[in-house]
Every structure is written in structure tokens, then in C-alpha cells.
Trainee: 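Questions regarding the structure given below will be posed in turn.
Labels below follow one simple rule: chain letters A, B, ... track the order of the sequence lines, proteins then strands, and each chain is numbered from 1.
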Amino acid sequence: MSSALLSDLRARGLIFQIAGEDTLADWLDTEPRTLYCGFDPTADSLHIGSLVPVLMLRRFQLAGHRPLALVGGATGLIGDPSFKASERNLNTPDVVANWVNKLQHQVSQFIDFEGENSAKVVNNLDWTTGMDVLTFLRDVGKHFSINNMIQKESVKQRIEREGSGISFTEFTYMILQSYDFSELYLHHDCGLQIGGSDQWGNITGGIDLTRRLHGGQVFGLTMPLVEKADGTKFGKTETGTIWLDAHKTSPYSFYQFWLNTSDKDVYKFLRYFTFLSVEKIAEIEEADAQREGRPEGQQILADEVTQLVHGAEGLAAAQRITQALFVGEAYTLGPDDLEQLALDGLPTTPLKSSEIAPTLTQLLSDVGMVTSGKQVKDALKNRAVFINGVPVEGAPPIDTALCFRSENALHGKYWIVRLGKKKYHLFTAE
RNA sequence: GGAGGGGUUCCCGAGUGGCCAAAGGGAUCAGACUGUAAAUCUGACGCGAAAGCUUCGGUGGUUCGAAUCCACCUCCCUCCA
């Protein structure tokens, strides 16, 4: 059945490279196996870049294997140099420890901790923190050849490129991660490490070390980097990174992100980010190709992924807002509906008449709709600013008191400001 | 420790005394066209409604005037020891 897993992954395009390809399918087929994937705390939340590996763990678990999610309490203190253009700043131990906590919790929601192949979260700080330098150098470092390490593609650009460089600290990262694999092999019988394609060098390092230290034969599997057809970076928008934490990226914004996926990417993303079968996705693609006009792929993608990350409630909230703003006429909603939208996560700001910003440009940049007043000016020129559906006329400065009068409010206290086609903000009278 | 090269606005990268808020590209935002897609075209892109204000690693200095010259400091890179 697991070779079925591999062929499904292959059909999804989720396999980039495999170490031990000849025997991996057999190994997976004979009995439930343990595998791991590492997540380093580089922020207080994972972002959608980590979603592919996280979901990969789940795919293996659904196929009957046991996933370990490793949180890099130790490696997060060092910083992975793989394919990074420059050295990064070190974060303080207490900051990293705090992030570790958050990641543990976050990763946990995607894998199942019940049943026979229950998942486990481990932290590599547990086995590195007590190790002294000499032991590390003699027992671990001795197995690594510098000649070999500097050959790795992942650090080559740092070593060869003029104007950059790599510290010993970051260079050592690979050894730490390799040691993780050998430890998990020893104590958890973990025989497979998965990761993004940038992790190939680190993974093969771990495979070599495990063989040298324990004579164990272990496997590695990497997933392709998520790339967009237009070549721009996946997972970033004007607002910045798309986080998995609902407090950092609301389910609504998250949902909108997927809904805005390009046609060229949407079916690939369905294969990457959902558990819909490859056949089902092919059907959707086929149906979209037949249909005139707007395809359904984005809708399905947004529904599926939002459900996975934010649950049924988060999805429902995101859909309610989307429905109200983009499908219906938002300014025909009743007061209860508007309250609900605010609760659902539509960006909302109460207006206190005493401390309201005097100009519209200032107000909109204060609430984060735009990053500078210039954008508002630009939008005004294009008649792209609307309050409750009515375009705002004129050029800045525009008096906010005139814009937000109770006469033009919905139900006496609501104003929906729209800037451009997609940005909405709800203001309420206090 | 020695010798040399470098730190420019989100990123890359021009700019070597006034014409510089600083070329060009990318990213981003808005408009048109569309389907909340792509491509294309248009506009914006340090802050400010404007007057104006604040930027070119840091601090001082020279000058009527500095991103550009000088001094010191700091960080990075290359080679040598």
C-alpha cells in the first residue's frame, strides 16, 4: 500500500529527489515506518512555505506511518545557511524558546496523536544541549569531511560568491541536523527524513552520519520548492508573508490569498496543498477547461486549504466575508451581518469622533489599508475609493469628518471603505 | 597582524562636489482590459494634502553647496601572515 503512497506523491509532483530510491518502496511496504521532518523556529509562526512538508507528514501518517515533527530548538539558534544569500542574525535563546513552543503547537494540529501510528513532536535541543564541545568534535565532527561539505550546492554560492561569506557557526548547521537524524534513528527507529529540496544536502549528511555511527541504512526524500508560474516568490503579498497563525494572517486573508491563485498554478497547488485525489483534481481541471469564463479551481483550493489550516469555523467566517464583499452588495447587509463580519475577521476599526485622524489619507494609512498616503491619493485620482459603495470625490486633503457622517452610515454607524478592487475595511461609530 | 576592495532608497544595482529624493531593473500598489486569474498598456513607488522635511553604514570636518572630498569609527569581502 505504501508504494501506492509513493506513486500518489509522484503523481502530485511532490517528489523532488529520493535517497535510496531502489529500496524505499519496499521498506515502506513491509511495515509501518517512522519518518521525520524538521521545522526551525525562525519566527513565532509557520508560514505557508512550511505547509507542503507539514502536509507531507500527514500524508505519510494517513498511509499508516508514524510521523515525528522535529522542532529545531537547537538548530534555530544557529541558522540554516542552505541557499541563503547571506549570514543571518542570531536570535536570543529565550526568543527561540518561545517560538519553539508556538511551532510545536502549530505543527500538532496537522498530525494525529492518537492511535497506533501516533505522531510525536521532538525538539533537537533535548539531545544537543548537554553535549560538550569536545564530544561533539570527536564523536560527530570527525565523520565529516570539510572537502565534502564545501562541495554541497547549498553553501556553494555563499563560499564562491564575491561579497558574501559564511561563518563557522552556520557552516556547522549541517552537522547538527545530521546528528538529529542519527539520534532519531537510534532512539525512535526513524528511517526517513523528508524536507524541502533545499534540505537535500543536510539530509544526505544525516544519512551518511547514521551509517557511520550506527551502521543504519536510512532514507531521504525531498519535495520541490513551490514556484509560481510568473516567477515571483510564493507566499508573499503586499501585506507580507502568509502565516498559518490566525492572529498573524486572518482566515479571511488566508482564504483570499488562495482565491487569487493564478490559473497557471491552481491545479498544481491543488495537488500540493490538498488531499483531493489526483483523479479528482484532473476532473476539476478538465471541467474548468470546458467552461467558459471563471474556473472553479481557485474556489476549491481556497476552501480546502482554509479548512485544513483554520478548520470549518475559520473557513465559514472567511466565506461569509468573501460572500458579503465580493458577491453581494455589502452595503445592503443588516446590522447583525455587519457585526458578524467584524467578528469573522474583516479588518475593523472603531472611530472615536474625538481622536479621529483629520484626513482620509492619514486615517487609511493608520489602519493599515495602505502603506503611504500616496496610494490613497493615487486611488482617489482613479476614483477607486468608496465609502459604502459611493466613490469619494476630490483630491487630498479630504476631511474625514465629512466622509464619516452618520447620515451616510449604514444603520447609523457602519462605513465600509473599499480601496481598489480588493481592499476592504469596516469602520464603526463608537 | 599586513595589503587591497566594498557598505546607496524593499531587493539587485548606477551614481565620484551643484542639473540628486538619487538612473535602470525586479518586487509592490492603483487604473484600463478581464474572471478577485495571466499577459499587456497607464500611473504611483522616502514622508507629507501642500509648503516643506528626512535619506545614500556611523560620527565629526572641508565647502556657499557632499551620496560624492578629508579624518576617525564600524561592519562585510578577497589575498597574505
Trainee: Does the distance from a Lys or Arg side-chain N to an Asp or Glu carboxylate O, for A:E21 and A:R10, drop under 4.0 Å?
Mentor: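 Here A:E21 pairs with A:R10 in a salt bridge, since their nearest N and O are under 4.0 Å apart.
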Trainee: If I pick the C1' atom on B:rA14 and the same atom on B:rC56, what distance separates them, to the nearest angstrom?
Mentor: 13 Å
Trainee: Just checking A:F254 against A:W243, ring centres under 6.0 Å apart?
Mentor: no
Trainee: Would you tell me if any nitrogen or oxygen in the side chain of A:R294 comes within less than 4.0 Å of OP1 or OP2 on B:rU34?
Mentor: no
Trainee: Measure from the side chain of A:Q256, starting at C-beta and using heavy atoms only, and say which of B:rA37, B:rU36, B:rC47 lies closest.
Mentor: B:rU36
Trainee: Take A:R383 and A:Q323, find for each the nucleotide of RNA chain B with the closest heavy atom, and name the residue whose nucleotide sits nearer the 5' end.
Mentor: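 Closest to the 5' end, via its nearest nucleotide, is A:R383.
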Trainee: Would you state whether a donor and an acceptor, one from the side chain of A:D378 and one from the base of B:rG31, lie under 3.5 Å apart?
Mentor: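 No, no donor-acceptor pair under 3.5 Å.
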Trainee: Just call it for A:D265: base, sugar-phosphate, or nothing, with non-hydrogen atoms closer than 4.0 Å on any strand.
Mentor: nothing
Trainee: Any idea which of B:rA49, B:rC33, B:rA30 is nearest the A:T359 side chain?
Mentor: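 Side chain of A:T359 sits closest to B:rA49.
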Trainee: On a whole-Å scale, what distance lies between the C1' atoms belonging to B:rG7 and B:rC12?
Mentor: 14 Å
Trainee: Suppose you measure atom C1' in B:rU62 against the same atom in B:rU68; what distance do you get, rounded to whole Å?
Mentor: 14 Å
Trainee: Contact class for A:T261 (heavy atom, under 4.0 Å): base, sugar-phosphate, or nothing?
Mentor: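 Answer is sugar-phosphate: A:T261 comes under 4.0 Å of backbone atoms only.
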Trainee: B:rA30, B:rA49, B:rA39: which one has an atom nearest the side-chain heavy atoms of A:D230?
Mentor: B:rA39
Trainee: Pick the P atom in B:rA67 and in B:rU59, then give their distance to the nearest Å.
Mentor: 13 Å
Trainee: Please give the distance between the C1' atoms of B:rA30 and B:rU36 as a whole number of Å.
Mentor: 15 Å
Trainee: If you look at every strand shown and take non-hydrogen atoms under 4.0 Å, does A:K374 touch a base, only sugar-phosphate, or nothing?
Mentor: base
Trainee: So, using side-chain hydrogen bond (donor to acceptor under 3.5 Å, both in side chains) as the criterion, who are the partners of A:R12 when residues are at least two apart?
Mentor: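 A:D8.
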Trainee: How about CZ on A:R383, more than 12 heavy atoms from neighbouring residues, nucleotides or ligands closer than 6.0 Å, or not?
Mentor: no
Trainee: Hey, does A:K381 reach any base, or is it just sugar-phosphate, or nothing, if we go heavy atoms under 4.0 Å?
Mentor: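 Sugar-phosphate, backbone atoms only, no base.
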Trainee: Among the candidates B:rC29, B:rG35, B:rU34, find the nucleotide nearest to the side-chain atoms of A:P295.
Mentor: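 The answer is B:rG35, which lies nearest to the side chain.
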Trainee: What's the closest nucleotide to the A:S372 side chain, out of B:rA49, B:rA30, B:rC47?
Mentor: B:rC47
Trainee: Going by the rule ring-ring contact (aromatic ring centres under 6.0 Å, His included), which residues pair with A:W99 if we only count those two or more places apart in sequence or in a different chain?
Mentor: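 Checked A:W99 against ring-ring contact (aromatic ring centres under 6.0 Å, His included); zero matches.
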Trainee: Rounded to the nearest 0.5 Å, what separation is found between the CG atom of A:L276 and the CD1 atom of A:I281?
Mentor: 5.5 Å
Trainee: To the nearest 0.5 Å, how far apart are CD1 in A:I18 and CD1 in A:I203?
Mentor: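 Interatomic distance, A:I18 CD1 to A:I203 CD1, rounded to 0.5 Å: 11.5 Å.
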Trainee: Which nucleotide in the list B:rC29, B:rU36, B:rU34 gets nearest to the side chain of A:K423?
Mentor: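 Given the options B:rC29, B:rU36, B:rU34, the side chain of A:K423 is closest to B:rC29.
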Trainee: Given the P atoms of B:rG26 and B:rA39, what is the spacing between them in whole Å?
Mentor: 12 Å
Trainee: Would you mind telling me which of B:rA27, B:rU36, B:rA49 lies closest to the side-chain atoms of A:T232?
Mentor: B:rA27
Trainee: Taking only the P atom of each, what is the distance from B:rA50 to B:rC45 in whole angstrom?
Mentor: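 Pairwise P distance, B:rA50 against B:rC45, rounds to 10 Å.
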Trainee: Give me the distance, rounded to whole Å, that separates B:rU16 from B:rG6 when you measure between the P atoms they each carry.
Mentor: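 Their P atoms lie roughly 13 Å apart.
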Trainee: Which of the following nucleotides, B:rG35, B:rU36, B:rA38, is nearest to the side chain of A:K264?
Mentor: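 The nucleotide sitting nearest to the side chain is B:rA38.
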Trainee: Less than 3.5 Å apart, any donor N or O on the side chain of A:Y179 or A:D139 sitting next to an acceptor on the other?
Mentor: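 There is no such pair (donor and acceptor under 3.5 Å, judged by atom type) between the side chains of A:Y179 and A:D139.
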Trainee: Tell me the stems RNA chain B sits in, counting at least three consecutive Watson-Crick or G-U wobble pairs, each under 3.5 Å on both distances.
Mentor: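 Stem segments, range with range: B:1-7 with B:74-80, B:10-12 with B:24-26, B:28-32 with B:40-44, B:57-61 with B:69-73.
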Trainee: When the distance from CD of A:Q375 to P of B:rC45 is rounded to whole Å, what number comes out?
Mentor: 11 Å
